[in-house]
Amino acid sequence: MKIGMAHGAGGEVMTDLISETILKNITKKSVNGGIGLDALDDGATIPLGDSEIVITTDGHTINPLFFPGGNIGRISAAGTINDVSVMGAKPLAITNSMIIKEGFNIDDLDKIIKSMNETCEEVDVGIITGDTKVMEQDKLDGLVIVTSGIGIVEKGKAIKDSSLEIGDKIIVSGSVGDHGMSLMAFREGFEFETDLKSDVAPVWGIVSKSLDVGGVTAMKDPTRGGLANAINEMAKKSGVGVLLQDDLIPVKEEVKTISDMLGIDPYDVANEGKVLMGVKSDLADEVLKAIKKDRYGYDSEIIGEVIEGSMVLVETPVGGTRILEAPIADPVPRVC
Ligand code: MG
């Protein structure tokens with residue numbers, strides 16, 4: 001069998017590849033009893049003294065390199081900062097490893113690095129080590145960036161994506177589908193008909209504000225495969241069901257329009273500046289209020305709750321209920 005695009009698209013096909021070919025061949029998958037590879041969480045942890053180091057890594061193959069609302073530099077920084085953040089850890093630094101195609105425009109690279117730097121500056125994150133490689137014209141499509149991120153959290157305080165509890169409220173930190181749909185619209189040439197932009201942004205502000213309030217039980221950033229993939233993963237790993245309210249899930253009008261035109265569900269496509277979290281019901285309103293004060297969290301909403309069971313259900317305003325399944329693969333490839 002050979003690798004297809006679906007193997008990298010964040011759905012079930014990718015999950016199977018990871019468990020059957022990658023995890024099976026690696027023996028030491030965690031260190032000092034921390035959260036390791038088997039957890040398939042947003043990052044891993046290494047307990048050291050009173051703290052836990054949180055570490056994550058991401059490869060970025062986005063097409064196109066420049067898109068409405070950002071570029072590969074911003075997404076490389078934000079994506080990695082966000083995976084550290086949703087582990088409940090303060091992001092400290094990232095690394096930057098670039099594989100650049102021979103003939104790549106240096107002015108474009110300058111813009112990309114400036115953008116990566118600005119994104120890190122927003123949340124006081126350093127870019128502290130890196131690597132630069134060049135590949136022949138015919139071997140690579142533009143530029144691939146691999147970033148690792150490191151952060152720190154008090155020992156035992158890391159937030160997993162597998163610890164939803166029955167009765168928790170589910171909060172999403174803003175409108176869903178913006179990144180995937182804006183990229184799709186841009187690729188299809190609709191960009192003159194819409195001013196929709198990617199939501200790509202660092203979410204540490206949102207996460208830290210919610211942790212300050214307390215009651216956060218589980219977190220994940222709904223990137224590839226969108227809200228549908230992230231909430232299903234969280235529910236499955238936690239051994240619970242989730243009931244979402246369709247009319248409470250924020251979706252921008254432009255996203256709805258593009259999604260109707262393309263026949264793609266906005267719940268299935270990537271977000272790059274959003275957090276999905278479970279919060280104890282008695283603190284949910286307060287967490288929501290805190291997040292709404294963040295520059296990237298103004299349209300956050302409580303969208304449902306954790307229930308007994310094993311499925312993610314969506315209730316429509318007219319009273320019907322449907323099962324929300326994880327997409328087989330993100331319908332929009334190469335989104336990050
Ligand atoms: Mg993640």
Side-chain angles (χ1 to χ4, degrees), residues 8-12 14-15 17-18 22-23 34-45 54-62 70 72 74-91 94-95 119 123 125 145-151 153 158-164 170-174 176-180 198-208 210-211 216-238 267-278 296-297 326-327 329-330 332 334-336:
E12 277 176 37
M14 192 173 101
T15 309
L17 177 78
I18 289 171
I22 301 174
L23 298 184
I35 298 167
L37 192 56
D38 274 328
L40 297 177
D41 209 321
D42 299 285
T45 74
V54 170
I55 183 158
T56 189
T57 190
D58 272 291
H60 302 274
T61 60
I62 191 162
I72 190 170
R74 181 160 174 82
I75 207 166
S76 298
T80 297
I81 288 166
N82 292 350
D83 276 336
V84 171
S85 301
V86 294
M87 294 299 293
K90 182 184 173 6
I94 65 165
T95 70
T119 308
V123 282
V125 161
I145 297 183
V146 179
T147 44
S148 294
I150 192 161
V153 62
I159 309 256
K160 295 188 279 192
D161 60 5
S162 57
S163 39
L164 286 176
I170 301 291
I171 294 180
V172 68
S173 70
V176 300
D178 299 12
H179 179 72
S198 165
D199 59 347
V200 58
V203 298
W204 172 242
I206 290 170
V207 170
S208 63
S210 53
L211 295 179
V216 178
T217 56
M219 269 194 286
K220 194 160 198 65
D221 54 340
T223 54
R224 276 178 302 183
L227 171 72
N229 196 59
I231 195 66
N232 270 285
E233 210 177 314
M234 292 174 86
K236 195 174 168 189
K237 285 179 171 177
S238 309
Y267 298 171
D268 286 353
V269 305
N271 309 276
E272 289 292 337
K274 299 286 150 58
V275 185
L276 192 61
M277 60 177 90
Y296 299 123
D330 193 307
V332 189
R334 291 187 61 189
V335 283
C336 58

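Everything numeric here is computed off the predicted structure, so don't read it as measured data. Note that ligands are numbered from 1 as they come in the structure, with each ligand's atoms numbered from 1 the same way.
- When side chains are defined from C-beta on, Ser162 does not count as touching Lys220, because their heavy atoms never get closer than 4.5 Å.
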Could you list the donor-acceptor pairs under 3.5 angstrom formed by side chains in residues 222-230, with sequence neighbours left out?
residue : atom : partner : partner atom : Å
Arg224  : NH1  : Gly8    : O            : 2.7
Asn229  : ND2  : Gly10   : O            : 3.2

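- Residues Thr56 and Thr80 share a closest heavy-atom pair of CG2-O, 3.6 Å.
- The distance cut-off of 2.8 Å around the Mg ion (ligand 1) captures these protein N, O or S atoms, sorted by chain and number: Asp42 OD1, Asp83 OD1, Asp221 OD1.
- Side-chain atoms of Val153 and Met87, non-hydrogen and from C-beta on, never get closer than 4.5 Å to each other.
- Other residues, nucleotides and ligands contribute only 12 or fewer heavy atoms inside 6.0 Å of the NZ atom of Lys236.
- Under the 4.5 Å side-chain criterion, counting only non-hydrogen atoms from C-beta, Val84 is not in contact with Ile150.
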